[in-house]
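Here's the structure we're looking at; comments come further down.
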Amino acid sequence: MTAWSHSQFVDQVKSGQIESVIMSNDGLEAVATKRDGQQVTVNLSSTDLELIPILQQNGVDASMVPQQYEDSFSENNFPLVLPIFIFLISAAIALGGFLFWLWMLIDCAMKETDEGNSKLVWVLIILFVNFLGALAYFFIRRPQRLRELGQ
């Protein structure tokens, strides 16, 4: 891809050779597309306040690439999609684990018999061992209680 200076670019715009231009956020670089489809890089040495009106007067479609996407824009990367996806999956797993833990804690506290210390022991296990305690209660004690008491 060839590179033009600011003055070469302005001359090409005024002669009607440029169809569109995408400028960097800092206004120092741009990619211009000529009417024949060829792309050219443009080194804009300084911010030219008259450049936008010149582009508009000559029917050039001008746009700017937001700064946060400048590096990844040409590579078609989606920099925020993966972290957001990972966050949502992690949040769903954490919420599911918490709800399961809460369900087992309430189930144990409400439906275990008061005979002996089994209710107190299981509540303490669920409270202090957290999710693993809830899993142990679900797979070890709960089926046993359902067989014995039917609840």
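The side-chain hydrogen bond (donor to acceptor under 3.5 Å, both in side chains) check on Gln12 picks up nothing, with sequence neighbours excluded. Annotation: side chain to side chain contact (heavy atoms under 4.5 Å, CB included) contacts of Leu88 (sequence neighbours excluded): Ile84. Listed by chain and number, the residues in a side-chain hydrogen bond (donor to acceptor under 3.5 Å, both in side chains) with Ser7 are Ser5 (sequence neighbours excluded). Under the side-chain hydrogen bond (donor to acceptor under 3.5 Å, both in side chains) criterion, Glu148 pairs with no residue at all, not counting sequence neighbours. Residues satisfying the side chain to side chain contact (heavy atoms under 4.5 Å, CB included) test with Lys34, not counting sequence neighbours, are Trp4, Ile18, Asp36, Gln38, Val40.
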task: Given side-chain contact (heavy atoms from CB on, under 4.5 Å), test Arg142 with Lys111 step by step and report yes or no.
output: CA-CA 10 Å; Arg142 189 168 185 267; Lys111 296 183 179 175; 5.8 Å; no
Check against side-chain contact (heavy atoms from CB on, under 4.5 Å), Val21 and Leu55: CA-CA 9 Å; Val21 62; Leu55 294 172; 3.9 Å; yes
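Taken to the nearest 0.5 Å, the CD1 atom of Ile89 stands 9.5 Å off from the CD1 atom of Ile86. Summarising the geometry, atom CD belonging to Glu19 is positioned 13.5 Å from atom CG belonging to Asn58; distances are rounded to the nearest 0.5 Å. How far CD of Glu29 is from CG of Asn43: 6.5 Å, rounded to the nearest 0.5 Å. Taken from CG in Leu132 to CD1 in Ile125, the straight-line distance is 12.0 Å, to the nearest 0.5 Å. Considering SG of Cys108 and CH2 of Trp103, their distance stands at 13.0 Å, rounded to 0.5 Å. Going from atom CG of Asp107 over to atom CD of Glu112 covers 7.5 Å, rounded to the nearest 0.5 Å.
For the residue pair Arg147 / Gln144, no side-chain donor-acceptor distance below 3.5 Å is found, with atom types taken as modelled.
Every pair tested for ring-ring contact (aromatic ring centres under 6.0 Å, His included) that includes a residue from residues 9-33 fails, sequence neighbours excluded, so the list is empty. Applying the salt bridge (Lys or Arg N to Asp or Glu O under 4.0 Å) rule to pairs touching residues 116-134 yields Asp114-Lys119, sequence neighbours excluded. Residue pairs meeting the salt bridge (Lys or Arg N to Asp or Glu O under 4.0 Å) criterion with at least one partner in residues 91-100, sequence neighbours excluded, are absent.
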Name every donor-acceptor pair, under 3.5 Å, that has one atom in a side chain of residues 93-102 and the other anywhere in the protein, sequence neighbours excluded.
residue: Trp101; atom: NE1; partner: Ile126; partner atom: O; Å: 2.8

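At a threshold of 4.5 Å between non-hydrogen side-chain atoms, the residues Val10 and Ile54 count as touching. Looking at Val60 and Gln56, their side chains never come closer than 4.5 Å, going by heavy atoms from C-beta outward. With contacts defined as side-chain heavy-atom distances shorter than 4.5 Å, the pair Leu127/Leu105 qualifies. No side-chain heavy atom of Thr41 sits less than 4.5 Å from a side-chain heavy atom of Thr2.
No donor-acceptor distance shorter than 3.5 angstrom exists from the side chain of Arg141 to the backbone of Trp122, with no hydrogens or angles considered.
Ala32 and Val42 get closest at one heavy-atom pair: CB-CG2, 4.1 Å. Taking all atoms of both residues into account, the shortest heavy-atom contact from Met23 to Ala30 is CG-CB, 3.8 Å.
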